[in-house]
Amino acid sequence: MTDSRDSSLFDNKDLHFDPRQQGEVDPFAHALPASDEPLFPAVLPIETMADGAPYSAPYDTQGYDRFPSGAAQSKAGQEIDTELWPSASSVTELTAAQVTPLPVPTPSVSPAKHKHGPTEKEINYDRDFAVFMNLMQHGAWPQALEKLQAMRVEYPAASGLDGLIDEATLKADLMAEWAHKIKGRRLTVGQEWLIRRSLPFLLLLVLFVSGTIFYQNFVAPSREVVAMERANQSLIEEATGMVQKGQIYEAIALYTTVLARDPESSAAQQGLLEANRQAGLATTYDVAMRVAENGNLSRAARLLGSIQAKSSSFRDVDVQVNRLNTLLEAERVYNLAEKSFAQRRWLEAISSYEQAQLLSSDYQVERVKTQLSVAYFMAAQKLIAHWPSAEFGPETIRTLLRKAQGMSAQKDVISTSLDQLDLYLKGERALNSSNTGQAINAWRELYDEQPAFLGGYLAEQLYRAYLTLAGEVRENDLDYARELYEQAAAMAVRDSSEARAQLQNLGATVPTPQPTPTPQPTVAYVAAAPAVSAPPPATATPEPTPTPTNTYQGWIAFRSTREGSEQVYIMRGDGSDQRLAPEELRGQVDRLYQEEQRAADGRVVYVQSVTGRTDANIFLTSSDGQNSSMLTDNNGDEYDPVWSPTADRVAFVANHTGNDEIWVMRADGGEQRQLTFNNWEWDKHPTWAPDGSQIAFFSNRSGQRQIWAMSGDGSNQHNLSNNAYDDWDPVWIK
């Protein structure tokens with residue numbers, strides 16, 4: 001194998017070696033001054049070196065072996081292809097023109113100052129050092145090593161020689177190990193340097209081109225795909241968060257954007273389906289809220305219930321459903337309160353209104369407040385005129401008046417009633433403390449002012465107090481006892497026989513008893529009643545509840561205090577056979593009376609206020625509650641309307657003539673006619689006989705509340721219950 005390169009590459013320029021120009025480290029840079037002086041003569045007889053052996057270059061920096069002609073074996077005894085190597089004579093024929101001499105730096109100080117060892121010879125001017133440099137220039141590391149070792153002996157203080165010896169030793173060992181393994185032709189120093197310098201750049205160029213191609217074809221597209229996937233995922237996460245916050249339509253726009261980029265995105269498809277579903281729920285929710293605001297609570301509750309069935313976590317649907325259910329219950333209780341209020345059942349109205357307030361403090365706030373103020377006052381006035389019971393005694397009346405005092409316009413009347421109650425309670429406390437005289441003083445003052453206070457209960461209490469005190473003082477003060485018996489006997493009580501008997505025993509004159517005091521008429525209450533825009537909705541006719549009505553058909557049920565507390569009693573239509581009602585009938589009296597407000601064909605009569613007016617009037621509505629008409633339009637209250645059995649007439653109570661009186665009218669409101677007439681007494685709570693021939697009602701015209709009856713035209717008015725007790729609220733069982 002021959003080297004076909006141009007021989008011009010092997011001129012002395014190629015062989016020139018300057019460590020400073022090649023970028024290599026000069027181990028003697030610290031000892032050799034910079035100078036262009038030649039270190040040795042221009043012509044160097046390389047073939048006759050210090051050791052007398054001819055020069056050979058067995059190894060160069062490119063790893064090519066060169067052996068002198070005739071050297072057929074390596075150190076290992078292997079056969080060597082000598083054709084690749086120049087002859088020994090060709091090496092010895094190198095001249096100064098072919099070998100560029102190394103520049104010898106001019107020392108900066110005189111050699112005499114740098115003498116080391118036994119000789120004065122300076123290493124920079126030593127010919128052996130120049131020979132070493134030339135051997136190193138041509139890669140003759142074994143020979144160069146010998147020169148260095150010889151110089152070490154001569155210049156033991158030259159520290160730079162140690163590094164050169166180590167390098168020459170390493171490279172000489174490498175030559176000995178690899179010379180027999182590599183064949184080739186040695187390049188010149190110039191070619192060798194150029195190739196060595198070019199290879200890194202060529203390698204970098206190849207790597208750069210390959211990397212660019214790989215990036216453009218593989219990395220860049222992959223990065224774009226990854227970037228797009230990340231962007232889509234970010235949009236999907238943002239849209240999901242918007243759905244959770246209720247921003248449905250913004251989420252739909254984001255999902256649509258993702259699907260425009262990647263139609264196969266399952267996450268975006270599922271998210272869009274869920275967002276559309278949520279949008280439908282949101283529409284239903286908004287409709288339900290508007291319907292609720294318009295007052296149709298039932299429909300709003302149904303709409304929200306459908307949302308709750310599909311997604312119980314949607315917005316605040318659970319809270320809204322609970323709120324509407326509460327409002328519906330409040331509405332139901334409120335309607336019961338309104339009905340009780342219209343029928344003057346004040347305590348029932350109070351209970352229902354207060355329950356509606358507890359259920360929902362913001363339901364019909366002003367209306368409930370106004371109605372309660374009236375109900376508190378009227379209930380207190382009603383109880384003041386009635387015999388107290390264990391449940392509704394003076395303390396209960398006082399509580400009702402206190403509540404009415406903060407809400408009602410009848411402050412003067414309420415204040416007077418509270419003063420009377422305080423006086424009564426003062427006497428009661430004195431009596432409980434065994435101070436009968438003090439009790440008599442307090443009660444007598446109240447009795448003189450209001451003899452029918454508490455429905456005559458005060459008179460009975462005072463009568464008993466007289467008898468008690470007379471018995472206590474009789475032995476010590478007979479005259480005082482007689483006076484007390486006389487006071488008791490003269491009182492308007494149901495039975496004063498005991499006081500009379502005591503006076504007869506004492507031989508005293510028995511005074512004429514006073515007539516039983518009649519209760520004062522209930523104070524009229526006038527208050528602005530907020531308008532109600534629509535009548536109560538008609539309800540389906542309830543299924544008949546099993547009652548003993550067949551057994552007691554034609555009898556009259558009523559309330560009475562004849563046993564000391566309010567109870568339901570019954571009697572025949574002529575007033576005979578009065579007795580305590582069976583237990584199964586007692587709880588149905590109110591329902592039986594309410595049924596009289598509904599005709600057989602479903603029409604309902606009810607009481608309602610009119611916008612801008614303070615009175616109450618009677619209205620008529622069809623069975624479906626759609627058509628409503630006003631039947632009465634008088635300057636006063638009309639209430640307690642009931643149908644006749646033939647549904648052609650309506651009996652009711654009206655007070656526009658001065659007192660509460662019984663009236664009748666046609667089913668269309670025509671021919672309104674007053675049936676009862678009183679000076680100040682009142683008649684209330686009409687009820688028709690099963691055959692429509694009579695109307696029963698209760699009245700205080702006899703001093704006590706009693707059940708009365710009359711013909712349908714108002715004639716033949718007579719007392720049915722006719723006793724010394726309070727009887728009221730009759731219901732003719734049909």
Side-chain angles (χ1 to χ4, degrees), residues 343 541-560 568-579 581-582 584-586 588-606 618 620 623 631-632 638-654 661-677 683-699 701 705-722 727-734:
Q343 295 173 355
T541 302
E543 294 295 327
T545 303
T547 65
T549 54
N550 292 332
T551 303
Y552 296 99
Q553 186 175 9
W555 289 55
I556 298 175
F558 60 97
R559 290 183 169 88
S560 178
V568 176
Y569 281 73
I570 58 174
M571 62 181 174
R572 296 186 184 274
D574 60 358
S576 63
D577 201 5
Q578 298 181 23
R579 54 184 171 177
E584 60 268 27
L585 183 60
R586 296 174 196 170
Q588 300 187 39
V589 174
D590 291 339
R591 182 185 64 81
L592 292 173
Y593 192 74
Q594 290 172 11
E595 287 179 359
E596 291 194 42
Q597 297 176 350
R598 182 182 298 276
D601 59 1
R603 289 175 297 164
V604 176
V605 286
Y606 63 95
I618 297 174
L620 171 68
S623 59
L631 298 183
T632 64
E638 290 86 39
Y639 60 95
D640 283 350
V642 288
W643 287 102
S644 65
T646 55
D648 60 339
R649 289 177 296 170
V650 176
F652 61 98
V653 179
E661 307 287 355
I662 306 299
W663 290 62
V664 293
M665 62 182 171
R666 291 202 315 259
D668 60 356
E671 296 183 8
Q672 297 181 16
R673 186 160 59 95
Q674 185 175 347
L675 300 183
T676 64
F677 300 85
D683 304 321
K684 301 180 181 181
H685 210 272
T687 178
W688 292 86
D691 59 0
S693 62
Q694 296 186 81
I695 299 175
F697 58 96
F698 78 93
S699 175
R701 63 181 69 178
R705 290 177 296 175
Q706 295 287 288
I707 308 301
W708 288 65
M710 61 182 172
S711 300
D713 59 359
S715 62
N716 192 25
Q717 298 182 15
H718 57 283
N719 190 339
L720 286 180
S721 57
N722 197 19
D727 303 324
W728 70 97
D729 288 354
V731 178
W732 221 312
I733 301 174
K734 301 175 180 61

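The structure displayed is predicted, hence computed values, not measured ones.
- Residues passing the salt bridge (Lys or Arg N to Asp or Glu O under 4.0 Å) test with Asp668 are Arg666, sequence neighbours excluded.
- Considering NE2 of His718 and CH2 of Trp708, their distance stands at 9.0 Å, rounded to 0.5 Å.
- Between Phe698 and His685, the two ring planes are tilted [angle within 30° to 60°].
- Side chain of Asn719 to main chain of Ser721: a donor-acceptor pair is present (N/O by atom type, distance under 3.5 Å, no hydrogens or angles).
- Distance alone, capped at 3.5 Å, places no donor-acceptor pair between the Glu638 side chain and the Phe652 backbone.
- No donor-acceptor pair under 3.5 Å is formed between the side chain of Trp663 and the backbone N or O of Leu675.
- Remark: Lys684 NZ to Ile662 CD1 distance equals 10.0 Å, nearest 0.5 Å.
- One distance of note links CG of Asp727 with CG of Leu720; it measures 10.5 Å at 0.5 Å rounding.
- Heavy atoms only, all atoms of each residue included: Leu631 and Ala667 are closest at CD2-O, 3.8 Å.
- Atom CZ in Phe677 sits 7.5 Å away from atom CD in Glu661 (nearest 0.5 Å).
- Among residues two or more places apart in sequence or in another chain, the side chain to side chain donor-acceptor pair (under 3.5 Å) test is passed with Asp574 by Ser576.
- For the pair Ile695/Trp732, no side-chain contact is recorded, criterion being any heavy-atom separation below 4.5 Å from C-beta on.
- Checked against salt bridge (Lys or Arg N to Asp or Glu O under 4.0 Å), Asp601 has the following partners two or more places apart in sequence or in another chain: Arg603.
- Scored by the side chain to side chain contact (heavy atoms under 4.5 Å, CB included) test, Asp648 finds Ser644, Thr646 as partners (sequence neighbours excluded).
- Note: Gln694 CD to Asp713 CG = 10.5 Å, rounded to the nearest 0.5 Å.
- Across Trp688 and Pro645, no two heavy atoms sit closer than the pair CB-CD, 3.8 Å.
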Task: Stepwise side chain to side chain contact (heavy atoms under 4.5 Å, CB included) test for Ile570 and Tyr552 - done: CA-CA 9 Å; Ile570 58 174; Tyr552 296 99; 3.3 Å; yes

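- Residues Val589 and Arg591 fail the side-chain proximity criterion, which asks for heavy atoms closer than 4.5 Å.
- Scanning all heavy atoms of the two residues, the minimum distance from Phe558 to Pro730 falls at CB-CA, 4.1 Å.
- Looking at residues two or more places apart in sequence or on another chain, you find a salt bridge (Lys or Arg N to Asp or Glu O under 4.0 Å) between Asp683 and Arg701.
- Every residue meeting the side chain to side chain contact (heavy atoms under 4.5 Å, CB included) condition with Asp691, not counting sequence neighbours, appears here in chain and number order: Ala689, Ser693.
- By the 4.5 Å heavy-atom criterion applied to side chains, Thr676 and Phe697 are counted as neighbours.
- Taking the side chain to side chain donor-acceptor pair (under 3.5 Å) definition, one finds that Tyr639 meets it with Asp660, sequence neighbours left out.
- The shortest heavy-atom contact between Ile733 and Pro690 is O-CG, 3.6 Å.
- How far OG of Ser715 is from CE of Met710: 9.0 Å, rounded to the nearest 0.5 Å.
- Nearest approach of Ile556 to Ala696, heavy atoms of both residues: CD1-CB, 4.2 Å.
- Under the rule for a side chain to side chain donor-acceptor pair (under 3.5 Å), the partners of Asp729 that lie at least two apart in sequence or sit in another chain are Arg559.
- For the pair Gln706 (side chain) and Asn722 (backbone), a donor-acceptor distance under 3.5 Å is present.
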TODO: Given side chain to side chain contact (heavy atoms under 4.5 Å, CB included), test Val650 with Val642 step by step and report yes or no.
DONE: CA-CA 5 Å; Val650 176; Val642 288; 5.9 Å; no

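- Applying the salt bridge (Lys or Arg N to Asp or Glu O under 4.0 Å) test to Arg673 and every residue at least two apart in sequence or in another chain returns nothing.
- No donor-acceptor pair closer than 3.5 Å links the side chain of Trp555 to the backbone N or O of Met571.
- The side chain to side chain donor-acceptor pair (under 3.5 Å) test applied to Glu596 returns Thr687, Lys734, not counting sequence neighbours.
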